[in-house]
Amino acid sequence: MATDTPLRPADSAAYDDDRGGSQSRPAPPAYGWAPRLRRLIGIEEGLLSWVPEERPRYAWYGALVVNTALLGAISMVLALSSFRSDLPLAAVLGVAVVWFWVILALDSWLVSSTHGTGVRKWTLLARFFLSVLLGLFIAEPILFQIFDKEIRQEIAVGNEQRVADYRGMLVSCNPTDGAATTDRAECARYQLKVAGSPAELARQIDTNSDRAAALRTQVAGINKTLNGKLATEQRLCGPKYWIWRGGVRDVTITCERARKATSEYEKNSKVKTYEKQLEDMVAEGRALSARKDRAADGYQPVLQKAIDDKTRQRAADLDTDGILTRAHGLKEVAESDGFALFLTIVLHLLLLCLDAMPVLAKVLSGATSYDTLLGARHRTSRKLYTEELEVQQTCARLEHDVRRHRVQLDTADRMSRLDQEYQRAQAERAAAERAELDARMERIMRTRGTGTGTGTLV
């Protein structure tokens, strides 16, 4: 019968209708490095055995992923050796190995997620965009090494110009005569504090003169008031106001009060202290004037040394190997020469294509026979899974029906037993009641029979 015919296993079925063909499908399993490369990009050898002609394509596809990871590791080594030359070799190699694994895992995921005919074009473009971003990060250190000599030269020239501009601003904002430049907004960051400048001494002399003039005015006012009090004292204590006291001439109480007021004012006004401070200010003014006369010859060398120190510090602070500095240097090199700009663009595109080649190859090659088979298997798997869910649902529903029927039968059986027990109990109660009634009737009848016999004898 047809139903008794054994089915041919799927792994031994012929690929095409030509039963007499020399090539049978699936092909024998492959060994060596090629299956490992294909395994990196998520290829299933069992499914690929049905289309063995796709094996070389996917083997080289896996090689592209490995090459991209190697290129990323080399780029990381170049970047660390350029930007962090103080790192030991072991640390550099360790970081490069970790970066190799990161790039390999990321590219493997990007490629393995594109297998099958159900992949949409926009998802491929999104993966390609991600690979381009990754390629930019990998390509820059390599470009820095290609144009290393030109970049270093451009950085050196730029730093020299920056140092020269900085020195020019220091010289412009710090004149040799020490004149103030605070009114110039561009000099806010370039003013030096050098002690002993003629302008600074002149400002100190002016300040001292102003303070001395103010103190002189204050002293003059105090002396004027004091002279007035002394004049009043002399007038009140003159012979004109003497009086006889104890047989001798003496001053009046008003004179004594005037003397006391004069003494207290002289003491409280601190005129002697102010006069001493005024003398010190006058002496300080003479000393500052003398220093100003000598500062013209000694200030310029001190100022020049301060400018030289600041210039050397500025030159030492300028970066020569930072990633931003080298990127700016690469931009300057590209902008300074048309051929250099052309080479930069070409190398950028070449390195980007190399870095994005795993996904770019998928975009260019389109769907392959393996993708068709994988898509068919995915559709079949989804269909089988849907059917399996339906079977499980049907089985679960039937199992629930069985359990419901079992519960219903059990319920009916228990209800029947309860009815029987109830009827038996009712019958037992009825029998007990009839027995009790019979016994009572028997006693009554026996009692009546006894009474009748006795009355007859009497």
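Everything quoted here is computed from the prediction, not taken from an experiment. Both backbone and side-chain heavy atoms feed into the values below; hydrogens, waters and symmetry mates do not.
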Problem set entry | Pairwise distance OH(Tyr385) to CD(Glu390) - rounded to 0.5 angstrom |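 Rounded to the nearest 0.5 Å, the OH-CD separation comes to 12.0 Å.
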
For this session: Starting at CD1 of Ile43, measure out to CD of Glu54 and round the result to the nearest 0.5 Å.
Result: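 With rounding to 0.5 Å, CD1 (Ile43) is 9.0 Å from CD (Glu54).
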
Are any non-hydrogen side-chain atoms of [X] and [Y] less than 4.5 angstrom apart?
X: Tyr370; Y: Leu373; result: no
X: Leu215; Y: Gln218; result: yes
X: Lys276; Y: Asp280; result: yes
X: Thr273; Y: Gln277; result: yes
X: Tyr422; Y: Leu418; result: no
X: Val65; Y: Asp107; result: yes
X: Arg377; Y: Glu44; result: yes

Exercise: identify the closest heavy-atom pair between [X] and [Y]:
X: Ala59; Y: Leu37; result: O-CD1, 3.6 Å
X: Glu45; Y: Pro35; result: OE2-CA, 3.8 Å
X: Ser49; Y: Arg55; result: OG-NH2, 3.5 Å
X: Tyr58; Y: Leu48; result: CD1-CD1, 4.2 Å
X: Ala73; Y: Trp99; result: N-CD1, 4.1 Å
X: Arg38; Y: Ala30; result: NH2-CB, 3.7 Å

Problem set entry | Results of side-chain contact (heavy atoms from CB on, under 4.5 Å) for Asn67 - residues two or more places apart only |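 Checked Asn67 against side-chain contact (heavy atoms from CB on, under 4.5 Å); matches are Leu70.
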
Charged N to carboxylate O under 4.0 angstrom, [X] versus [Y]?
X: Lys305; Y: Asp308; answer: no
X: Arg417; Y: Glu421; answer: no
X: Arg434; Y: Asp438; answer: no
X: Arg403; Y: Glu399; answer: no

Test item: [X] side-chain N/O and [Y] main-chain N/O as donor-acceptor pair under 3.5 Å:
X: Thr411; Y: Val407; result: yes
X: Thr380; Y: Ala376; result: yes
X: Ser108; Y: Ile41; result: no

Problem set entry | Gln161 and Asp165: side chain donor to acceptor below 3.5 Å |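 Distance-only check passes for Gln161 and Asp165.
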
Problem set entry | Asn208 and Arg211: side chain donor to acceptor below 3.5 Å |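 No, because no side-chain N or O of Asn208 sits under 3.5 Å from a partner of the opposite role on Arg211.
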
For this session: Show the numbers, then the answer: is there a side-chain contact (heavy atoms from CB on, under 4.5 Å) between Ile345 and Phe342?
Result: CA-CA 5 Å; Ile345 295 175; Phe342 172 74; 5.9 Å; no

